[in-house]
Novice: 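Pasting a structure below so you can have a look.
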Amino acid sequence: MMHTTSHTVDPLEMKKFQAWSSKWWDEEGVYSPLHAMNEIRVPFIRDILMSKDYSHDVGCPLAGVTLLDVGCGGGILSEPLGRLGATVTGIDPLEDNIKTAELHKSYDPTLEHMIQYRSCSLEDIVDENKQYFDAVVASEVIEHVVDKELFIQNCFHLLKPGGSLIITTINKTKLSYALGIVVAEKIMGLVPEGTHDWEKFISPEELERILESNGYVVETLRGMLYNPLSGSWSWIEDTSINYAIHAVKTVAQKQSTDIGFEREWEKPKAAQAFA
């Protein structure tokens with residue numbers, strides 16, 4: 001089953017991922033790059049949220065944090081965030097993905113009360129969860145979304161004032177096409193062919209524009225690089241292929257120009273060369 005009444009969920013995208021719904025926890029399989037990405041994205045999320053005014057327990061640094069994992073798949077990001085103490089809600093429009101996530105969660109009793117999963121779209125939970133979450137994470141999701149601005153707006157409604165939206169995605173450059181689709185899909189087979197649609201990729205400049213026009217202040221932009229030989233990710237200055245962005249929901253949209261956030265900006269040096 002899949003939820004297709006959403007304005008952001010693409011039924012064609014869901015059909016692709018339906019075939020891989022049982023493979024989320026195969027660390028050598030189609031989701032191997034996402035498992036490897038946890039090595040950098042989990043600390044990235046943790047450090048952002050620890051910088052907020054929460055009381056931190058050494059063993060559970062994210063205790064007290066309510067977090068929404070959008071497009072959670074089989075739970076490969078939800079679980080480590082839950083183990084850090086966050087109260088995680090993972091949503092995915094594919095019911096089979098949620099079944100996989102629930103099954104794997106059951107192997108670790110400590111996660112029983114830390115993570116809840118729901119098979120639904122982002123729109124399905126907006127009305128009942130307005131201003132509920134301290135953080136919304138959409139990792140490797142927005143490049144599969146139909147209406148990106150509506151997606152960002154829905155995240156805004158779900159966040160508490162001052163809450164964090166954390167996104168990782170793929171830039172829309174010639175280099176990202178060459179490496180992300182031609183090499184990764186067609187030549188090396190790192191992910192199945194057809195996983196990505198370059199036309200749905202989004203540049204950090206465009207994503208920043210959408211964010212700032214919808215009540216966010218962008219605090220961090222960082223480039224990411226996957227090494228297929230070592231199977232590992234690293235942070236880089238160049239955002240022309242993969243990148244992570246952190247934006248904060250302003251207390252009130254009209255105040256967005258008055259709030260003095262310190263901003264970490266790492267310019268996409270290669271973006272201009274390959275755009």
Side-chain angles (χ1 to χ4, degrees), residues 37-56 61-62 64-71 77 80-81 84-86 88 122 131-143 145 148-149 151-172 201-225 233-271:
M37 189 184 288
N38 276 0
E39 294 297 319
I40 64 170
R41 63 178 173 175
V42 172
F44 180 69
I45 296 166
R46 178 201 64 203
D47 292 348
I48 286 171
L49 298 180
M50 285 184 67
S51 70
K52 306 289 184 179
D53 296 328
Y54 303 117
S55 298
H56 304 297
L62 298 186
V65 175
T66 54
L67 186 147
L68 177 66
D69 182 7
V70 183
L77 181 56
L81 294 174
L84 289 174
V88 180
L122 192 60
Q131 300 193 39
Y132 177 78
F133 295 100
D134 297 303
V136 173
V137 176
S139 187
E140 307 306 296
V141 169
I142 200 167
E143 66 269 24
V145 165
K148 292 174 173 54
E149 185 153 19
F151 182 88
I152 295 299
Q153 290 168 351
N154 284 331
C155 292
F156 184 93
H157 294 312
L158 289 163
L159 281 168
K160 297 176 182 177
S164 291
L165 174 59
I166 301 167
I167 294 172
T168 69
T169 189
I170 311 174
N171 200 345
K172 190 174 184 180
F201 291 179
I202 185 169
S203 70
E205 294 85 0
E206 175 63 12
L207 183 52
E208 182 190 17
R209 183 196 65 76
I210 294 174
L211 287 164
E212 294 190 341
S213 65
N214 284 282
Y216 297 86
V217 171
V218 175
E219 286 201 332
T220 308
L221 174 65
R222 301 181 70 179
M224 306 163 66
L225 181 66
W233 289 84
S234 57
W235 295 113
I236 59 174
E237 291 186 6
D238 185 359
T239 62
S240 60
I241 307 173
N242 294 80
Y243 64 96
I245 195 165
H246 167 223
V248 173
K249 175 179 177 176
T250 54
V251 176
Q253 290 197 37
K254 65 180 180 180
Q255 297 175 342
S256 61
T257 57
D258 298 326
I259 298 177
F261 288 105
E262 181 180 350
R263 174 174 168 178
E264 176 189 345
W265 179 261
E266 289 156 46
K267 293 182 179 180
K269 294 181 179 178

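What you see is a predicted model; the values in this text were computed from it and never measured.
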Novice: So do the side chains of Y216 and L159 get within less than 4.5 Å of each other, counting heavy atoms only?
Specialist: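 SC-SC contact between Y216 and L159 confirmed.
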Novice: Within the structure provided, determine whether L84 and L49 are in side-chain contact (heavy-atom separation under 4.5 Å).
Specialist: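 Side chain of L84 against side chain of L49, heavy atoms only: no contact under 4.5 Å found.
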Novice: Mind checking whether L81 and V65 have side chains closer than 4.5 Å, heavy atoms only?
Specialist: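 Result no, sub-4.5 Å side-chain heavy-atom pair not found.
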Novice: Does E219 form a side-chain contact (heavy atoms from CB on, under 4.5 Å) with S164? I'd like the steps, not just the answer.
Specialist: CA-CA 10 Å; E219 286 201 332; S164 291; over 6 Å; no
Novice: Look up atom CD1 in I40 and atom CH2 in W235, then write down how far apart they are to the nearest 0.5 Å.
Specialist: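 So the gap between those two atoms works out to 4.5 Å.
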Novice: Which value, rounded to the nearest 0.5 Å, describes the distance between L77 atom CG and D69 atom CG?
Specialist: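 Atom-to-atom, L77:CG and D69:CG are 5.0 Å apart.
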Novice: Given side chains that start at C-beta, do those of M224 and M37 come closer than 4.5 Å, heavy atoms only?
Specialist: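 M224 reaches M37 side chain to side chain.
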Novice: Tell me the closest heavy-atom pair linking A244 and F44, and the distance in Å.
Specialist: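 Answer, listing the atom of A244 first, then F44: CB-CE2, 3.8 Å.
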Novice: Can you measure from SG (C155) to CG (L68) and round to the nearest 0.5 angstrom?
Specialist: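 Between C155 SG and L68 CG, I get 7.5 Å after rounding to 0.5 Å.
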Novice: So among R209, K249, Q153, which one has a side chain to side chain donor-acceptor pair (under 3.5 Å) with N214?
Specialist: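 Only match with N214 under side chain to side chain donor-acceptor pair (under 3.5 Å): Q153.
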Novice: Applying the side chain to side chain contact (heavy atoms under 4.5 Å, CB included) criterion to I202, which one of N171, I170, I142 satisfies it?
Specialist: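 The single option meeting the side chain to side chain contact (heavy atoms under 4.5 Å, CB included) with I202 is I142.
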Novice: Side-chain contact test, heavy atoms from C-beta onward, threshold under 4.5 Å: evaluate it for L67 versus D134 and give yes or no.
Specialist: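 Heavy-atom side-chain distance check fails, nothing below 4.5 Å.
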Novice: Would you call L225 and N242 a side-chain contact if the rule is heavy atoms closer than 4.5 Å?
Specialist: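 SC-SC contact between L225 and N242 ruled out.
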Novice: Is there side-chain contact between I166 and R41, with at least one heavy-atom pair below 4.5 Å?
Specialist: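 Counting from C-beta outward, I166 and R41 never come under 4.5 Å.
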Novice: First locate atom CD1 of I48, then atom CG of L62, and finally report the distance between them rounded to the nearest 0.5 Å.
Specialist: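 Nearest 0.5 Å value for the CD1-CG distance: 11.0 Å.
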Novice: As an exercise, state the distance from NZ of K148 to OG1 of T169, rounded to the nearest 0.5 Å.
Specialist: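 One finds 7.5 Å between NZ of K148 and OG1 of T169.
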Novice: Output yes when a side-chain donor or acceptor of T168 lies under 3.5 Å from a complementary backbone atom of E140, and no otherwise.
Specialist: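 A pair under 3.5 Å: yes.
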Novice: Do V248 and K52 come within less than 4.5 Å of each other through their side chains, counting heavy atoms only?
Specialist: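 A side-chain contact under 4.5 Å exists here.
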Novice: Step by step, work out the side-chain contact (heavy atoms from CB on, under 4.5 Å) result for T239 and I245.
Specialist: CA-CA 10 Å; T239 62; I245 195 165; over 6 Å; no
Novice: NZ of K160 to CZ of F133: how many Å apart, nearest 0.5 Å?
Specialist: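 Nearest 0.5 Å value for the NZ-CZ distance: 9.5 Å.
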